[in-house]
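Computation of the quantities below employed the complete heavy-atom set of this structure, encompassing side-chain atoms and omitting hydrogens, waters and symmetry-equivalent molecules. By convention in this document, chain letters (A, B, ...) are assigned in the order of the sequence lines, proteins followed by strands, and residues within each chain are numbered from 1. Only a predicted model underlies this, so the values are computations on that prediction, with no experimental measurement involved.
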Number of protein chains: 2
Amino acid sequence: MPRFRLLVEYDGTSYVGWQRQDNGRSVQGAIEGAILRLTGETVSVRGAGRTDSGVHARGQVAHTDLTRDWPTETLRNALNAHLGQHGERVAILDAESVPETFDARFSALRRHYLYRIICRRSPLALEAKRAWWVVKPLDAALMHAAAQTLVGRHDFTTFRSVHCQANSPVRTLDRLDVAQDGDVIEIRATAQSFLHNQIRSLAGTLKMVGEGKWPVERVRAALDARDRKACGPVAPPEGLYFMQVDY
Amino acid sequence: MPRFRLLVEYDGTSYVGWQRQDNGRSVQGAIEGAILRLTGETVSVRGAGRTDSGVHARGQVAHTDLTRDWPTETLRNALNAHLGQHGERVAILDAESVPETFDARFSALRRHYLYRIICRRSPLALEAKRAWWVVKPLDAALMHAAAQTLVGRHDFTTFRSVHCQANSPVRTLDRLDVAQDGDVIEIRATAQSFLHNQIRSLAGTLKMVGEGKWPVERVRAALDARDRKACGPVAPPEGLYFMQVDY
């Protein structure tokens with residue numbers, strides 16, 4: 001059967017997350033529903049990453065197998081039409097034919113995420129649910145310095161959810177950069193794969209440094225503790241964007 | 001009575017517009033409601049511009065008179081708390097004490113607006129209701145060239161709503177720039193004041209040039225016609241942002 005790779009954007013606000021669940025609408029379910037209405041086929045769409053409820057995507061990647069060898073532009077446009085008719089906040093940015101050996105999850109070489117913080121006194125009106133609103137100013141340079149002590153191959157037990165199902169807590173963090181532009185702070189993270197809640201755990205911990213509540217060195221000490229209790233507060237989902245997957 | 005100037009951000013999606021109306025929630029009404037709950041006073045808040053339903057603001061300015069001489073930070077924070085409790089998508093970015101001679105509408109020297117277009121094949125998920133989605137690519141350089149033929153003092157009858165209540169159709173357009181960054185096209189407009197629907201009329205007309213349906217010269221000919229029927233289609237409200245007022 002022909003296999004297709006889909007590039008997916010979504011507003012995660014009103015979804016239980018990427019993965020199909022019994023307790024509400026999922027992004028995966030929205031796409032599978034659109035495929036069912038288009039093709040009559042009940043398929044399983046596999047994503048490169050299982051984003052949590054409230055987490056957004058500009059470049060999630062998924063694959064699925066269909067009976068017919070659809071022209072890719074037709075497939076993209078028809079799926080978008082079906083998604084739009086159901087009021088889904090999901091858009092298929094691109095569809096491509098790929099070999100059967102391609103797997104959105106297991107073929108991924110690098111995943112890129114962005115975590116956005118907006119620091120200002122007033123609540124967010126236009127950016128509500130699109131960033132983490134932090135009232136006090138943060139020192140992005142200190143946050144960046146602390147972040148650099150985490151780059152590389154480490155046991156990230158401190159920075160993963162207790163519900164994380166990965167066999168190993170060891171991951172290689174290729175990039176963890178913190179940059180400021182006006183009242184926006186952007187944290188960019190790259191790795192082949194991440195643990196459950198890893199980026200939100202890192203972002204919440206770096207915020208402690210930015211506020212001056214933690215010295216820079218405490219972040220590395222927290223990593224070395226290999227203890228979930230050493231982690232700072234986990235940052236909320238609305239600041240997180242799944243940006244890109246490299247294959 | 002002490003007069004206060006408020007700097008206001010809002011997501012215009014779920015409002016009937018800035019101005020209080022009988023048929024739904026307005027931004028003005030949201031702020032007046034917050035003031036009533038905070039102070040017990042029924043006031044009228046006057047804005048620098050009456051934005052339509054769906055139009056956003058990053059820098060609307062309003063003024064109001066209160067009995068008490070509130071510390072401005074307290075006023076801002078308390079109004080934001082009341083707006084948040086009512087689920088309003090409105091934030092007070094700043095509050096200042098101003099002399100009684102200050103009038104948000106009549107003291108304004110220049111108003112700055114942004115109109116955002118996103119050109120791409122797929123519908124907008126994350127930017128839905130935040131920009132005008134245009135499927136076909138537009139030539140921003142041609143749009144900019146056409147825009148320059150409108151800068152200056154002119155009779156803008158062609159580019160104002162038939163419902164416009166201004167006495168004169170003559171306005172001085174200080175700036176109308178079109179710039180492209182990736183799939184985003186930004187139109188920036190500055191004038192002391194604008195006519196009703198003027199920027200959306202200009203944006204919709206410039207899009208005709210960008211698509212190649214109108215030659216550049218037709219835009220100036222449309223202006224010179226001083227005839228509403230010579231205008232291109234009016235662009236939708238969700239692309240428009242009221243950015244700043246200079247005093």
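Across A:Ala81, A:Ala91, A:Gly84, the residue that shares the most heavy-atom pairs under 4.5 angstrom with chain B is A:Ala91. Ranking A:Asp94, A:Asn77, A:Leu83 against chain B, the residue ahead of the rest is A:Asn77, based on heavy-atom pairs under 4.5 Å. Annotation: maximal heavy-atom pairing with chain B below 4.5 Å, among A:Glu88, A:Glu73, A:Arg58, A:Glu127, occurs at A:Arg58. Between chain A and the options B:His56, B:Arg121, B:Arg89, the largest number of non-hydrogen pairs under 4.5 Å is found for B:Arg121.
When heavy atoms are compared at a cutoff of 4.5 Å, B:Ala57 approaches chain A solely by way of its backbone atoms N, CA, C and O.
The distance from the CD atom of A:Glu9 to the CZ atom of B:Arg120 is 4.0 Å, given to the nearest 0.5 Å. The OG1 atom of A:Thr13 sits 8.0 Å away from atom CG of B:Leu126, with the distance rounded to the nearest 0.5 Å.
Summarising the local packing, CG of B:Asp181 is surrounded by 12 or fewer heavy atoms from other residues, nucleotides or ligands at distances under 6.0 Å.
Here the shortest heavy-atom pairing between A:Ala125 and B:Asp11 reads O-CB, 4.0 Å.
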